[in-house]
Each structure stands twice: as C-alpha cells, then as structure tokens.
Participant: 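Have a look at this one.
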Amino acid sequence: MRWDITVVLLCNLMDFFAFSVPLSYLPQLLNAEKLGATFYGGFQALSNGIGLLASFVLGRISDKHGRKPVFLLCVSLGFCAYVCYISSTLATENGVVFAVVGDVLRRCNRNGIGGVITALIADLSSKTDRAVYMGRSVSAQGMGFGLGSVVGGVLGDWGIIVPLTTGCIVVGINLIVATLWLPKTDTGRPTGNNKETTEANTAALTMELLGDKQIRTLLCARGLLSIGFFTVISTMALFCRQRFGFSPKEYGITMAVIGALFSICNVTVVPLILPHFTEKRAVQVGMCITSCGRLGLALAHNMVTFWIAEVLIAIGSAMTVATYSAFLSKRAPKGSTGHLMGMSESINGMAAVLAPLPSGYLYEHYGTSVPGVISAVTSLLAAIVIGLAEPPPQSPKKKL
C-alpha cells in the first residue's frame, strides 16, 4: 500500500481509538442512570450540535488552507477533551461540567476529522480506486473503534482514570505522527479566471452545491441514515446495561467485537459483494441490510439474536459507508471536495443533534425497543431516497 495512504489510515485508526475509549464510561461520568435517559440524550444533542458546526466550518477551512493543519487542530481538540475527562474524575465538585466540556471537544475532534480524512483520501486517490481506499478508511475506523472500546473497558478494572490516561497518550502519539508524516495535498482549488469562485464565502459555495439536485438527494439520504444511527446509538449503553445487564467492561468488549465485525466484513464479505452491484445499488442494499439488523436489535432478548442483528448491521454498514462516500465525492466540483464532505459530516452532526433527545425520551417513556424500530425505518427510507439519485457523470476517456 502507498505510504501516504497508510499514514492517513493509521492516524484515522488512532483517532477513532481515542474517540471510543470513553464510550463505556459516559453514563457514569454524567450520572445518567440517576438523571435519566432524557437528560443523557439531551446532553448528547448539545455536544453533537457544536460538533455539527465544527465539521461544517473545518471542512471549508481545509479546502482553503489544507487538510493537514485542520487535522492537527482537530487532534489537539481531542487532547483537550481528555484533559477535561480526567479533570472530571478528579474534581470533587462540578465533575459533570468537566465531562460535558470534554465531550463537546471530543465531538468537535471527531466530526472535524471525519470530513477531513474523507477529503484527504479523495485528494490522494483517483476516481477508479477511491472506493477501495474509502473502504480501507472505514476498516481503520472499525479497528480503532474495537480496540478503543475493549481497551477502555478492560483497563477500567484499575479505575476510570487508567483508560482515560491511556486515551490521552494515544492522542499525543497521533499528534506527533500526523505532524511528522501526514501528507500535504493539493486541494485542487481553481485559480486564475475562476478567482470569484475561489474567493466565494462558505454560504455561497454551500448554496452552489445545494443547487445540484443529485447532491441534495444524496445529502438527504445521509441525513435519514444518520438519524437512524444516532437514534439507536444514543441509548445503546443504557440498552445493553438494562436489557442484558452489561457492566462497563462487558459493554466495552461488546463494542470491540462489533468494531471487529465491521472491519472483517469490510475486508472480506463486502469485496465479494460489491463487484455484483453498482455503487448506487451497493449503497441501497447496504442500507436495507442495516435496516433489518437494527430491527432485529430492537427485538433481541437474548445474546443469540443480539449477535445475529449485529452481524447484519456490520455487513450493511460496511457496504454503505465506503460506497456512499465515494459516490458523493464524485459529485464534488473541482476544489470543493472538502467542503462537500464537510457538508455531509454536518448533516451527520445535525442528526446527532436532533436524534438523541427524542430517542432518550421515547426510550424512557415508551420502551427500550422504540429507538431501534425508528432506526430501522429511517434506514429503509434512506435506501428509497438513494434510488432517486443518478450515477455521477463519467470522465471522458482520453484519446491516445
């Protein structure tokens, strides 16, 4: 594999590792069981809302000033997040405040990096191999998620401060690696006669991109899929604890296995399936499989049905994420890939703002299965919306 792509994937893996370490402990840091699922969902909506703004702004900045500076800024925010988490465990008063600030910074870190990594891979790859590298990026995220979850859960046996300190060290290593070896790329921004376009402000460029019907359709599908994801994930820790009696360690190990399933499916099952579908059809099939898995998760009452549902979700998500990113990036005008990917992450962030609070309320008042059912329905609707999108135009072949 190319060295520059390898460094990008390694940095992405380490960032997702650091993002995942605290997941098992957020209910504990926020005293969620005492304050209730509605409060827990509202808190996530708050931190995700700020992450939404971050991903949108940082994607545009990366187009103008380069991917690497923005990536380093995002990793630095992740380091500050861990400082706040550690402070929340040491504080005798107002520990929840430190935890809230830490999670806000963590969301800004992850949401910003999500768009930058996607744009960076788009810069370094050609349209023919872009989906392959996007898939490997998704695999790196899955590996990071799995490793971070299991390390966070296992190290918690020695006290919550141990996994948090470990995550902080990994963020520091990631910052060093990115500073030394993360490649700089030409963002492809137009020059010369296109000076007005080059200097267009964020709002103008956003409206220009939204003027494309196909881009609107793809972003709408992303929104539905993200609403489904955050509806189920915002109460996942409480769901596993209350329905299956998971401890933080067991939940961490479970999330690690789920991350491993995702990565395995992405490098084994998905390559066997994708050659039989166009990118558009692959996204649709992936969304439908994801929908079935989330419905199964909502109805699961034993570990067998739980893992069957998770396998379906892993296969469906692996098919969806990489192919969707490649499909969308091919719609980006020259010089606007980072901005479009930032818009996609912003849609994801908007769903992260809108979904957790009602999810927590429905979970608390109407039953633990309701968020999963809603997630299944929105994933199915996303597949229908994707069906309305047309394939991107093919680049003309050069004559010899």
Side-chain angles (χ1 to χ4, degrees), residues 4-5 7-22 46-87 98 100-124 137 140-141 144 148 164 167-189 201-203 205-206 325 332 335-350 352-353:
D4 52 358
I5 295 287
V7 173
V8 172
L9 298 183
L10 177 61
C11 290
N12 198 17
L13 185 152
M14 286 193 288
D15 186 75
F16 232 89
F17 176 97
F19 176 82
S20 305
V21 166
L46 170 66
S47 60
N48 289 335
I50 300 176
L52 162 67
L53 178 63
S55 64
F56 186 77
V57 173
L58 291 170
R60 179 59 176 160
I61 293 175
S62 76
D63 274 337
K64 188 173 183 180
H65 299 288
R67 317 296 186 206
K68 184 171 181 176
V70 175
F71 185 92
L72 295 175
L73 172 62
C74 291
V75 176
S76 299
L77 292 176
F79 186 85
C80 294
Y82 268 102
V83 172
C84 290
Y85 281 142
I86 293 171
S87 299
F98 283 108
V100 169
V101 173
D103 204 66
V104 167
L105 293 174
R106 186 174 68 102
R107 298 288 177 178
C108 292
N109 152 251
R110 186 57 239 171
N111 287 7
I113 282 181
V116 171
I117 285 289
T118 304
L120 191 56
I121 292 176
D123 293 340
L124 294 171
S137 177
Q141 291 178 9
L164 294 180
C168 189
I169 292 172
V170 171
V171 174
I173 295 172
N174 196 15
L175 189 59
I176 294 171
V177 171
T179 301
L180 295 177
W181 295 298
L182 191 73
K184 295 180 180 180
T185 61
D186 177 12
T187 60
R189 288 181 57 77
N201 58 39
T202 300
L205 182 56
T206 299
S325 296
S336 301
T337 303
H339 188 73
L340 181 57
M341 292 304 158
M343 288 173 64
S344 178
E345 290 299 320
S346 295
I347 295 293
N348 188 56
M350 187 179 297
V353 174

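As the structure is a prediction and not an experimental result, all values here were calculated from the model.
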Participant: Between G167 and A18, what is the shortest heavy-atom contact and its length?
Facilitator: O-CB, 4.1 Å
Participant: May I have the list of side-chain donor-acceptor pairs in residues 169-183 shorter than 3.5 Å, sequence neighbours left out?
Facilitator:
{"residue": "N174", "atom": "ND2", "partner": "C11", "partner atom": "O", "Å": "3.3"}
{"residue": "T179", "atom": "OG1", "partner": "L175", "partner atom": "O", "Å": "2.6"}

Participant: Can you tell me how far the CG atom of L10 sits from the CD1 atom of I5, to the nearest 0.5 Å?
Facilitator: 13.0 Å
Participant: To check you understand the geometry: which heavy-atom pair defines the closest contact between G148 and F17, and what is its length?
Facilitator: N-CD1, 3.3 Å
Participant: Could you grab the distance from atom OG of S137 to atom CD1 of I121, nearest 0.5 Å is fine?
Facilitator: 3.5 Å
Participant: If I compare all heavy atoms of L58 with all of C108, which pair ends up nearest, and what's the gap?
Facilitator: CD1-O, 4.4 Å
Participant: Does a side-chain heavy-atom distance below 4.5 Å link R106 with Y82?
Facilitator: no
Participant: Can you check side chain to side chain contact (heavy atoms under 4.5 Å, CB included) on N12 and Q141, steps first, answer last?
Facilitator: CA-CA 6 Å; N12 198 17; Q141 291 178 9; 3.3 Å; yes
Participant: Side chain to side chain contact (heavy atoms under 4.5 Å, CB included), that's the test. Do N109 and F79 meet it? Break it down for me.
Facilitator: CA-CA 9 Å; N109 152 251; F79 186 85; over 6 Å; no
Participant: Can you find a pair of side-chain heavy atoms, one from I86 and one from F98, that are under 4.5 Å apart?
Facilitator: no
Participant: Which pairs, with at least one residue in residues 69-87 and sequence neighbours excluded, count as a salt bridge (charged side-chain N to carboxylate O under 4.0 Å, His left out)?
Facilitator: none
Participant: Out of D103, L105, V104, which one pairs with C84 under the side-chain contact (heavy atoms from CB on, under 4.5 Å) rule?
Facilitator: L105
Participant: Are the side chains of H65 and V70 in contact, using a 4.5 Å heavy-atom criterion?
Facilitator: no
